[in-house]
Amino acid sequence: MKKVISTTAAPGAIGPYSQAIDTGSFVFASGQIPLNPANGEVVEGIKAQTEQSIANVTAILNEAGLTLDNVVKTTVFLADMNDFAAMNEVYGNAFKAPYPARSAVAVRELPKKVLVEIEVIAMR
């Protein structure tokens, strides 16, 4: 079973991909950048961008009937690894122990020149 998860409470897909796919056991959410879904604007600063990216992930998970507590794996993409500590502070306030497994990587560039993108895998 493969079900598309879609919500207007997070930025819509702007290409040939889904916000998330629910397999019944797992929900695979596409990377979320810090776009405000209400106005399409990008918030400023790594902390605010991390908060918005996590809010977008949360909205998608909520649409699937899940929360951040269901997340088992995250991948964080950073435009600058110097932003890691500030991102990690916000991230640490959003997720509770036991924390999901995580990868954090620096990339050359992210869509719309944002500073962070976060993708998650959640388990039912």
Side-chain angles (χ1 to χ4, degrees):
M1 172 187 105
K2 185 165 98 170
K3 176 184 172 192
V4 173
I5 302 297
S6 181
T7 178
T8 58
I14 52 172
Y17 65 93
S18 301
Q19 284 178 322
I21 295 292
D22 188 340
T23 66
S25 298
F26 291 94
V27 171
F28 297 84
S30 294
Q32 294 300 302
I33 62 173
L35 284 177
N36 180 324
N39 59 21
E41 294 180 8
V42 175
V43 295
E44 294 294 324
I46 186 61
K47 287 186 177 184
Q49 287 197 10
T50 303
E51 288 170 355
Q52 184 65 58
S53 293
I54 291 171
N56 294 342
V57 165
T58 300
I60 291 167
L61 292 172
N62 289 343
E63 185 67 22
L66 303 174
T67 69
L68 291 178
D69 291 337
N70 296 95
V71 174
V72 295
K73 172 69 169 82
T74 66
T75 304
V76 178
F77 302 94
L78 293 165
D80 184 345
M81 197 53 83
N82 290 318
D83 288 335
F84 181 86
M87 174 282 297
N88 199 49
E89 180 183 336
V90 173
Y91 181 100
N93 289 329
F95 289 94
K96 299 176 198 148
Y99 299 104
R102 179 180 77 187
S103 300
V105 296
V107 297
R108 185 166 181 255
E109 189 174 341
L110 290 164
K112 298 193 176 276
K113 308 252 188 238
V114 300
L115 303 174
V116 64
E117 179 174 353
I118 300 173
E119 69 178 23
V120 303
I121 300 170
M123 184 176 75
R124 291 202 174 281

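Residue numbers run from 1 in the order of the sequence given. What you see is a predicted model; the values in this text were computed from it and never measured.
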N/O donor-acceptor pair under 3.5 Å between [X] side chain and [Y] backbone:
{"X": "Asn70", "Y": "Met123", "value": "yes"}
{"X": "Glu119", "Y": "Glu117", "value": "no"}
{"X": "Ser18", "Y": "Ala20", "value": "no"}

Quiz prompt | ring-ring contact (aromatic ring centres under 6.0 Å, His included) contacts touching residues 89-124 (sequence neighbours left out) | solution = Tyr91-Phe95
What heavy-atom pair brings [X] and [Y] nearest, and what distance separates the two atoms?
{"X": "Ala122", "Y": "Leu66", "result": "CB-CD1, 3.9 Å"}
{"X": "Ala59", "Y": "Ala9", "result": "CB-O, 3.5 Å"}
{"X": "Phe26", "Y": "Ile121", "result": "CD2-CG2, 3.9 Å"}

Taking the side chain as C-beta and beyond, is there a heavy-atom pair between [X] and [Y] under 4.5 Å?
{"X": "Asn56", "Y": "Pro37", "answer": "yes"}
{"X": "Thr58", "Y": "Leu68", "answer": "yes"}
{"X": "Gln19", "Y": "Ile5", "answer": "no"}
{"X": "Val27", "Y": "Glu63", "answer": "no"}
{"X": "Arg102", "Y": "Val76", "answer": "yes"}
{"X": "Pro100", "Y": "Val72", "answer": "no"}
{"X": "Gln32", "Y": "Ile60", "answer": "yes"}
{"X": "Val120", "Y": "Thr74", "answer": "yes"}

Quiz prompt | Selection residues 42-51 - residue pairs positive for side chain to side chain donor-acceptor pair (under 3.5 Å), sequence neighbours left out | solution = Lys47-Glu89
Exercise. Decide, yes or no, whether a salt bridge links Lys2 with Asp22 under the criterion of side-chain N to carboxylate O below 4.0 Å.
Key: no
Practice problem: Would you tell me whether Lys3 and Thr23 have side-chain atoms, one donor and one acceptor, within less than 3.5 Å of each other? | Solution: no
Quiz item: Could you go step by step and tell me if Ile21 and Val4 meet the side-chain contact (heavy atoms from CB on, under 4.5 Å) rule?
Solution: CA-CA 5 Å; Ile21 295 292; Val4 173; 3.9 Å; yes
Are [Y] and [X] connected into the same hydrophobic cluster when the rule is that any two of I, L, V, M, F, W, Y join if their side-chain heavy atoms are below 4.5 Å apart?
{"X": "Leu110", "Y": "Val42", "answer": "yes"}
{"X": "Leu115", "Y": "Val107", "answer": "no"}
{"X": "Val105", "Y": "Val114", "answer": "yes"}

Exercise. Dump the intermediate steps for side-chain contact (heavy atoms from CB on, under 4.5 Å) on Gln52 and Leu35, then the final yes or no.
Key: CA-CA 7 Å; Gln52 184 65 58; Leu35 284 177; 6.0 Å; no
Quiz item: Between Val116 and Ile33, is a side-chain contact (heavy atoms from CB on, under 4.5 Å) present by the stated rule, with each step listed?
Solution: CA-CA 6 Å; Val116 64; Ile33 62 173; over 6 Å; no
Quiz item: Can you check side-chain contact (heavy atoms from CB on, under 4.5 Å) on Ile118 and Ile54, steps first, answer last?
Solution: CA-CA 7 Å; Ile118 300 173; Ile54 291 171; 3.7 Å; yes
